[in-house]
Undergrad: 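First the structure, then my questions, so here it is.
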Amino acid sequence: MADPNSTKAHFSMAMPPPNETGSLHVGHALFLTLQDILARHEHQKGKDVLWLPGTDHAALATNAIIEKRLTEQGTDKHAVGREEFIRLVKEFVGNSRESINSQIRAMGASCDWSRTRYTLDEALNRCVNEVFVKMYNDGLIYRGHRIVNWDPKLGTTVSDDEVIYKEQKAPFYTLQYGPFKIGTARPETKFGDKYIVMHPDDKRYKHYKHGDTFEADWINGQVTATVIKDEAVDPSFGTGVMTITPWHDRTDFEIAERHGLEKEQIIGFDGRLLPIAHEFAGQTIEAARPKIIAKLKAKGLLIKEAEYTHNVALNDRGKGVIEPQIKLQWFVDVNRPAVEWKGQLRSLREVMHAVIEDGDIKIMPKRFEKVYYHWIDNLRDWCISRQIWWGHQVPVWYKQLQQPMMGFDQTVMNQMFKGKTKTYRQKDYGYKVGDKILVENSQTGVIFGEITLKAVQKTTVGKVNLADKAHYVTYKNQAELIAALKKYHPERKMDADYPIWVYEYDFEPKEVEPEIYVGVTPPQGRGWEQDPDTLDTWFSSALWTWSTLVDQDLAKDYSLSLEDLLAKSVDYRTYHPTDVMETGWDILFFWVARMILATTYITGEVPFKTVYLHGLVRTEEGKKMSKSDLDSIVDPMEIIPEYGTDALRLALVAGTTAGNDQRVGKTKILANRNFCNKLWNIARYIDDLRVRPVDPLRVVPLGREMMPKSVADHWILDKLSIFAQRLDKALAGFRFSEAYELLYHFVWDDLADWYIEASKVQPNPALLRKVLEDTLKLAHPFMPFITETIWQNLGKKSLLAAELAPEIIKADKAQARQFEELKKIITEARQIATNVGVSQPALLYTNSDIIERGKELVKRLGRLGEVEKTETGRGIRLMGTKAAVWLDIDHQKARSYLNKLIDQAKDQEALIKTLENRLANKAYIARAPKKLVEETKTQLKEEESRLETMQAELKTFEKSLR
RNA sequence: GGGCGCUUAGCUCAGUUGGCUAGAGCACCGCGUUUACACCGCGGGUGUCGGGGGUUCGAGUCCCUCAGCGCCCACCA
């Protein structure tokens, strides 16, 4: 558990919060492993470590599940009401947070569970509100009509980053529009088109002037079209002219804004065509499109039909087709210079850019800095309001000065009120002639006009004017009217007693803004209604590094300002900015960038100093793991019982490099299970020495005595200390894979294959044990379970997890080098024996103290018959050592070895040639570092002497074969 | 359309600011049960470091260019 009062240096890291309803997948397993390694390693370095865990409320996903359930039950969220809806969500979420947390524990995550946070915690919610209010007051959050990405399927807006594009083949139609030919893939948006746009420099259309008008026969009759010249049009595409649909296309919207053109809604928020589409009104796009085309064809307006591929915009979550719409929403202004940063007033964009540019935050790998800049350069205002109910509700309240009495769709009204006096059928609101009634946009709640009633009467027979003169529905009774209305408004619920009242009125457009209150807590007084929308999940996630460090109890005191609250929160003061943010590159924009945005703005400091981005875990075949292909998934919860958590952790660390995807499958996990087993057996062997000494006569008593004695002892200590240093360096540079390899090779090659084998000749159990303990400590961050178990089996009373980095006994380098020499001799002896096919040959040497002292070692590890000192050599000369050493093998028996020797000599000659050339190069002598040149010279001498030995040996060999 | 990567052994990939004869794991082959481990030991590598050009004393590493593959962003009516 982290201790902010500790005098130790502090290290802090926020865990990316998994969705509370999710279950642990291999991606979680990866980040938990990497972060856990960092946390444990930093702890071992003697730091006070805070690794803060938490879960996310997963707004959109959870909300969608409940909405789907309601739909299946034949109802919807508006019918059940907000309170009941939230209750249903909570019931569904249940204790799933417990479940994900226990899975995080199963991965061995050493996070601080006493500080677990949840994005909807009261304190966190307060932070969200505080940030919203501050940004609103600074003009960084505004409400406005902007074109947004609307998902009719989920009934909400989504941010630009949540939109994905999928390539699709679609028919592309060329239509006749007055004198022009225009292309479109979306004929269903064309009903309201009354502008034709072309590039000002397009010579083909130079005789048309901006503002010219002409009559065109269009889908539903004559329209008056206006010529607009705008540079957004690409003259080389198609005919170089296009009509525009500003309500449903961003580019068109921008053109319309530039020239002050009218914008009309064609498609409703339910994804169905509006009355402007006449007979197609109420139909879905898919249903209407072929019929529209048929109508165009019948009118002779369809010129050509071709197929082309284009990108269709989808909501990343739920995969609903995105329909751009103009909607009154809340936005974060990223361009307004309202952020005080390093003594300058800058925009959010500029600050986000600056913190990376100035090096306040380091992104690993570095190349993602470019990706990040590129994203910032293209960044538009961030739409933060969502039409879902599960999440942080927008902390804004409205009060109408006069309560609106009628709800209409603004577009419908605009279409209907061509003249001023109209009739309309509605419910009986009890209005009387002369009443003035405010009219609000039923989607946005904004009042846009006022009507004065001239006549009110109840009717049973008449005609319903549906949006335009062409569409009257005659009815004789209530039932017929309802049937007619339903056809055009299938979304409306109309029961049998739907009243039929006819109002005649004057319409007066009138903008009446409601009184607005933006605050952390609800306003006092009556008549206030909170904005029904919730905030984008990423808005709250953006505060994660510091909102989790706010004192939970102090946060209940609303008399404190946010500044005071932060100042008084000990954890925040101690652990913020956090040191490392470790997460996937796929949420660099969603999350990392937004944490930078919100945190620099609110706290004046960066949220973290280093961002380490890991890649995607792919299948062994390199494919994305997908829920639709269950076999492709590596499920941690299946792997852990079968292979162990440590094996999974190691498999995930092996080969993971910053920013790169990696492949993980059974073979990799198996290999690492074997590694765990290896360490286990090493420990078992060493521990067994306590009770069953290798050689009772030469046993060194266990205890205080653990000094290095043999050359092997010095060698392993030297290796251990080099390993520890490199490990530290690798982890400091976030080179996880390299750290893993260092561990793997030290344990398997150095410790198991050499030192333990050597110790069978000259055992030093006390040192063996010390080396084992040090190794366990160094291995612990990677494989906490098995190392802890071994540690406990060794009879330790304390936890290995609580131990600091080992203090490694200093080795005598000279003695370590002697062992290295013996190792070379042993290896070469083995190679020759295997190559020649002779088992247990004798080894002869003329004069070597090293071999003299290491006789037994060489004999055993080299699998030799005898190791003898002789006057003159005999048999095959070893080349890898300066000492004069032979394997006593008859040349006749070793014929096959001659070729190998010849090859070796050739390689040696080539090497010498390379070195000679290098030294013959005057520029090399002059410009390369002196040290390097000296090294080359020394090496050349050595290599030359070795070649001499080789050639001599070769001669002898050939001679004896003759 | 704009941008970012990747291309190194049969497969998967390391290779930190250019510097010793380019490495590892897996797979594969041969030998082997020596009292930790067959989930083991020992031995086994002739790679045009994608092609071409350049900078440099020196390039897998830096620059240019071409090719193939992958990803991100924008989006064309």
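For clarity, every value in this text was computed on a predicted model and none was experimentally measured. Throughout, a chain's letter reflects where its sequence line sits, starting with A, and its residues are numbered from 1.
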Undergrad: Using a cut-off of 4.0 Å on non-hydrogen atoms, how would the nucleic acid contact of A:Asp234 be classed: base, sugar-phosphate, or nothing?
TA: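 Base, at least one base heavy atom under 4.0 Å.
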Undergrad: Whole Å only: how far is the CG atom of A:Asn681 from the C1' atom of B:C37?
TA: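 Result: 4 Å.
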Undergrad: What about A:Lys760, does its side chain sit under 3.5 Å from the base of B:A36 through a donor-acceptor pair?
TA: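 Side chain to base: pair found, below 3.5 Å.
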Undergrad: By nearest atom, which of the nucleotides B:A36, B:U12, B:G5 is closest to the A:Arg663 side chain?
TA: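 Nearest to the side chain of A:Arg663 among the choices is B:U12.
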Undergrad: Give me the distance, rounded to whole Å, that separates B:A24 from B:C63 when you measure between the C1' atoms they each carry.
TA: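 Those two atoms are separated by 30 Å.
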Undergrad: In whole Å, what separates the P atom of B:G68 from that of B:G23?
TA: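 Taking atom P in both B:G68 and B:G23, they lie 33 Å apart.
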Undergrad: Taking side chain as C-beta onward, heavy atoms only, is A:Tyr173 less than 4.5 Å from A:Leu302?
TA: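 Yes. Closest side-chain heavy atoms under 4.5 Å.
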Undergrad: Are the side chains of A:Arg769 and A:Leu794 in touch, meaning some heavy atoms are under 4.5 Å apart?
TA: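 In short, these two side chains touch, coming nearer than 4.5 Å.
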Undergrad: Quick one: the side chain of A:Arg860 and the base of B:U34, do they pair up donor-acceptor inside 3.5 Å?
TA: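 By the distance-only test, no, there is no pair.
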Undergrad: What interatomic distance, in whole Å, is found between P of B:G58 and the corresponding atom of B:C71?
TA: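 These two P atoms come out 40 Å apart once rounded.
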Undergrad: Would one find a side-chain N or O of A:Gln831 under 4.0 angstrom from OP1 or OP2 of B:G44?
TA: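 Yes, such a contact exists.
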Undergrad: In whole Å, I'd like the distance from the CD1 atom of A:Ile832 to the P atom of B:C42.
TA: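 That distance rounds to 18 Å.
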Undergrad: Rounded to whole angstrom, note down the C1' distance from B:U61 over to B:C6.
TA: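 15 Å, rounded to whole Å.
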Undergrad: What I want to check is whether an N or O donor and acceptor connect the side chain of A:Glu757 with the base of B:A36 at under 3.5 Å.
TA: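 Between B:A36 and A:Glu757, which were checked side chain against base, a qualifying N/O pair under 3.5 Å is present.
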Undergrad: Just how far, in rounded Å, is C1' of B:A24 from CZ of A:Arg726?
TA: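 It is 14 Å, rounded to the nearest whole Å.
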Undergrad: Using heavy-atom distances to pick each residue's nearest nucleotide on RNA chain B, tell me which of A:Glu943 and A:Asp661 is more 5'.
TA: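 It is A:Asp661, whose closest nucleotide lies nearer the 5' terminus.
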Undergrad: Can you figure out which of B:U21, B:G19, B:A36 approaches the side chain of A:Tyr924 most closely?
TA: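 Looking only at side-chain atoms, A:Tyr924 lies closest to B:G19.
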Undergrad: Let me know the distance between CG of A:Asn677 and C1' of B:G41, rounded to the nearest Å.
TA: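 Rounding to the nearest Å, CG of A:Asn677 and C1' of B:G41 are 14 Å apart.
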Undergrad: Write down the distance separating the C1' atoms in B:U21 and B:G47, rounded off to the nearest Å.
TA: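 The same atom, C1', in both gives a distance of 14 Å.
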Undergrad: Taking the minimum atom-to-atom distance to the side chain of A:Asp160, which one of B:A24, B:G2, B:A74 wins?
TA: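 Nearest nucleotide to the side chain: B:A74.
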Undergrad: What is the distance, rounded to the nearest whole Å, between atom CZ of A:Arg830 and atom C1' of B:C31?
TA: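 To the nearest whole Å, that distance equals 13 Å.
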Undergrad: Parallel, tilted or perpendicular: which fits the ring planes of A:Phe589 and A:Trp375, with parallel below 30° and perpendicular above 60°?
TA: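 Judged by the thresholds at 30° and 60°, the geometry between A:Phe589 and A:Trp375 is parallel.
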Undergrad: Which value, in whole Å, describes the distance between the P atoms of nucleotides B:C72 and B:G53?
TA: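 One P to the other, the span is 35 Å.
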Undergrad: So, does A:Tyr165 get its side chain near the phosphate of B:C75, meaning an N or O under 4.0 Å from OP1 or OP2?
TA: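 For B:C75, OP1 or OP2 has a side-chain N or O of A:Tyr165 closer than 4.0 Å.
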Undergrad: Taking any heavy-atom pair under 4.0 Å as a contact, classify A:Asn660: base, sugar-phosphate, or nothing.
TA: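 Answer is sugar-phosphate: A:Asn660 comes under 4.0 Å of backbone atoms only.
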Undergrad: Using atom C1' of each nucleotide, how far apart are B:U46 and B:C73 to the nearest Å?
TA: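 Looking at atom C1' only, B:U46 and B:C73 are 45 Å apart.
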Undergrad: Over all strands shown, is A:Asp753 touching base, sugar-phosphate only, or nothing at heavy-atom distances under 4.0 angstrom?
TA: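 Here A:Asp753 touches the backbone only, sparing every base.
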Undergrad: So what does A:Asn311 touch, heavy atoms closer than 4.0 Å: a base, only the sugar-phosphate, or nothing?
TA: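 Base contact.
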Undergrad: Quick one: which of B:C13, B:U21, B:C39 gets closest to the side chain of A:Arg673?
TA: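 That would be B:C39.
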Undergrad: Expressed as a whole number of Å, how far does the P atom of B:A36 sit from that of B:U12?
TA: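 About 39 Å, rounded to a whole number of Å.
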Undergrad: Which one, B:A36, B:A77, B:G25, comes nearest to the side chain of A:Phe172?
TA: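 Per side-chain heavy atoms of A:Phe172, the pick is B:A77.
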Undergrad: Let me know, please, whether A:Thr184 or A:Asp907 comes out on the 5' side of the other along RNA chain B by nearest nucleotide.
TA: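 Mapping each residue to its closest nucleotide by heavy atoms, the 5'-most match is A:Asp907.
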Undergrad: Quiz question: by atom type and distance under 3.5 Å, do the side chains of A:Asn672 and A:Tyr740 form a donor-acceptor pair?
TA: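 Distance-only check passes for A:Asn672 and A:Tyr740.
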Undergrad: For A:Ala752, report the nucleic acid contact type (base, sugar-phosphate, nothing); a contact means any heavy atom under 4.0 Å.
TA: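 Answer is base: heavy atoms of A:Ala752 come under 4.0 Å of a base.
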Undergrad: Among B:A77, B:C72, B:C20, which nucleotide sits nearest the side chain of A:Trp585?
TA: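 Closest nucleotide to the A:Trp585 side chain: B:C72.
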Undergrad: Scan A:Thr936 against the nucleic acid and name what it touches under 4.0 Å (heavy atoms): base, sugar-phosphate only, or nothing.
TA: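 No contact.
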Undergrad: So that I can tick it off, tell me whether A:Glu820 and A:Lys823 are bridged by a salt bridge, with the cut-off set at under 4.0 angstrom between side-chain N and carboxylate O.
TA: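 Answer for the salt bridge query: yes.
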Undergrad: For the pair A:Arg186 and A:Glu323, evaluate salt bridge (Lys or Arg N to Asp or Glu O under 4.0 Å) and give the outcome as yes or no after the intermediate values.
TA: CA-CA 12 Å; A:Arg186 301 207 54 190; A:Glu323 186 63 64; 2.9 Å; yes
Undergrad: Between A:Phe590 (CZ) and B:C72 (C1'), how many Å, whole number?
TA: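 Those two atoms, CZ and C1', are 12 Å apart.
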Undergrad: If you only use heavy atoms from C-beta on, which nucleotide in B:G25, B:C75, B:U21 is closest to the side chain of A:Gln908?
TA: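 Nearest to the side-chain atoms of A:Gln908, counting from C-beta on, is B:U21.
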Undergrad: So A:Thr657, base contact, sugar-phosphate only, or nothing? Heavy-atom distance under 4.0 Å.
TA: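 Contact class for A:Thr657: sugar-phosphate only.
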Undergrad: Nearest to the side chain of A:Asn674 - B:G2, B:C39, B:G43?
TA: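 My answer, after comparing the listed nucleotides, is B:C39.
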Undergrad: Check every strand shown and say whether A:Val241 touches a base, only sugar-phosphate, or nothing at a heavy-atom separation below 4.0 Å.
TA: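 It contacts nothing in the nucleic acid.
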Undergrad: Is the base of B:U16 touched by the side chain of A:Arg735 through a donor-acceptor pair closer than 3.5 angstrom?
TA: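 Side chain to base: pair found, below 3.5 Å.
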Undergrad: Give the ring-plane orientation class for A:Phe736 versus A:Tyr612, where under 30° counts as parallel, over 60° as perpendicular and anything between as tilted.
TA: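 It falls in the perpendicular class, over 60°.
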Undergrad: Which nucleotide in the set B:C73, B:A74, B:C37 lies at the smallest distance from any side-chain heavy atom of A:Phe589?
TA: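 The nucleotide sitting nearest to the side chain is B:C73.
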Undergrad: Where do A:Arg946 and A:Glu943 land on the salt bridge (Lys or Arg N to Asp or Glu O under 4.0 Å) test, with the steps shown first?
TA: CA-CA 5 Å; A:Arg946 183 172 299 161; A:Glu943 302 298 352; 3.8 Å; yes
Undergrad: Tell me what A:Arg618 touches on the nucleic acid: a base, only sugar-phosphate, or nothing, going by heavy atoms under 4.0 Å.
TA: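 The answer is nothing, as A:Arg618 stays clear of every strand by at least 4.0 Å.
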Undergrad: Any side-chain N or O of A:Arg918 under 4.0 Å from OP1/OP2 of B:G58?
TA: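 No, because none of the side-chain N or O atoms of A:Arg918 sits under 4.0 Å from OP1 or OP2 of B:G58.
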Undergrad: Answer yes or no for A:Lys760 and A:Tyr685: cation-pi contact, defined as NZ/CZ to six-membered ring centre under 6.0 Å and angle to ring axis within 45°.
TA: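 Checked: cation-pi criterion met.
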Undergrad: Would you mind classifying the nucleic acid contact of A:Thr243 as base, sugar-phosphate or nothing, using non-hydrogen atoms under 4.0 angstrom?
TA: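 If one applies the 4.0 Å heavy-atom cut-off, A:Thr243 turns out to touch the sugar-phosphate alone, with no base involved.
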Undergrad: Would you say the side chain of A:Leu314 lies within less than 4.5 Å of the side chain of A:Val321, judging by non-hydrogen atoms?
TA: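 SC-SC contact between A:Val321 and A:Leu314 confirmed.
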Undergrad: Record whether the side chain of A:Lys678 comes under 3.5 Å of the base of B:C37 through a donor-acceptor pair of N or O atoms.
TA: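 Side chain to base: pair found, below 3.5 Å.
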Undergrad: Checking contacts here: which listed nucleotide (B:A24, B:G5, B:C72) is nearest the side-chain heavy atoms of A:Val371?
TA: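 The listed nucleotide nearest to A:Val371's side chain is B:C72.
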Undergrad: Just to confirm, is there a sub-4.0 Å distance from OP1 or OP2 of B:G25 to any side-chain nitrogen or oxygen of A:Trp748?
TA: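 No, A:Trp748 has no side-chain N/O under 4.0 Å of OP1/OP2 on B:G25.
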Undergrad: With both distances under 3.5 angstrom, what nucleotide forms a Watson-Crick or G-U wobble pair with B:G41?
TA: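 Base-paired to B:C31.
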Undergrad: How is A:Arg863 classified with respect to the nucleic acid when contacts are heavy atoms under 4.0 Å: base, sugar-phosphate, or nothing?
TA: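 The answer is base, as A:Arg863 lies within the cut-off (heavy atoms under 4.0 Å) of a base atom.
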Undergrad: B:U16 P sits how many Å from A:Met364 CE, rounded?
TA: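 Result: 13 Å.
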Undergrad: Quick one: label A:Tyr308 by what it contacts on the DNA or RNA (base, sugar-phosphate, nothing), any heavy atom closer than 4.0 Å.
TA: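 Here A:Tyr308 touches the backbone only, sparing every base.
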Undergrad: Just the rounded figure in Å: distance from P of B:C62 to NZ of A:Lys366.
TA: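 Interatomic distance, NZ of A:Lys366 to P of B:C62: 14 Å.
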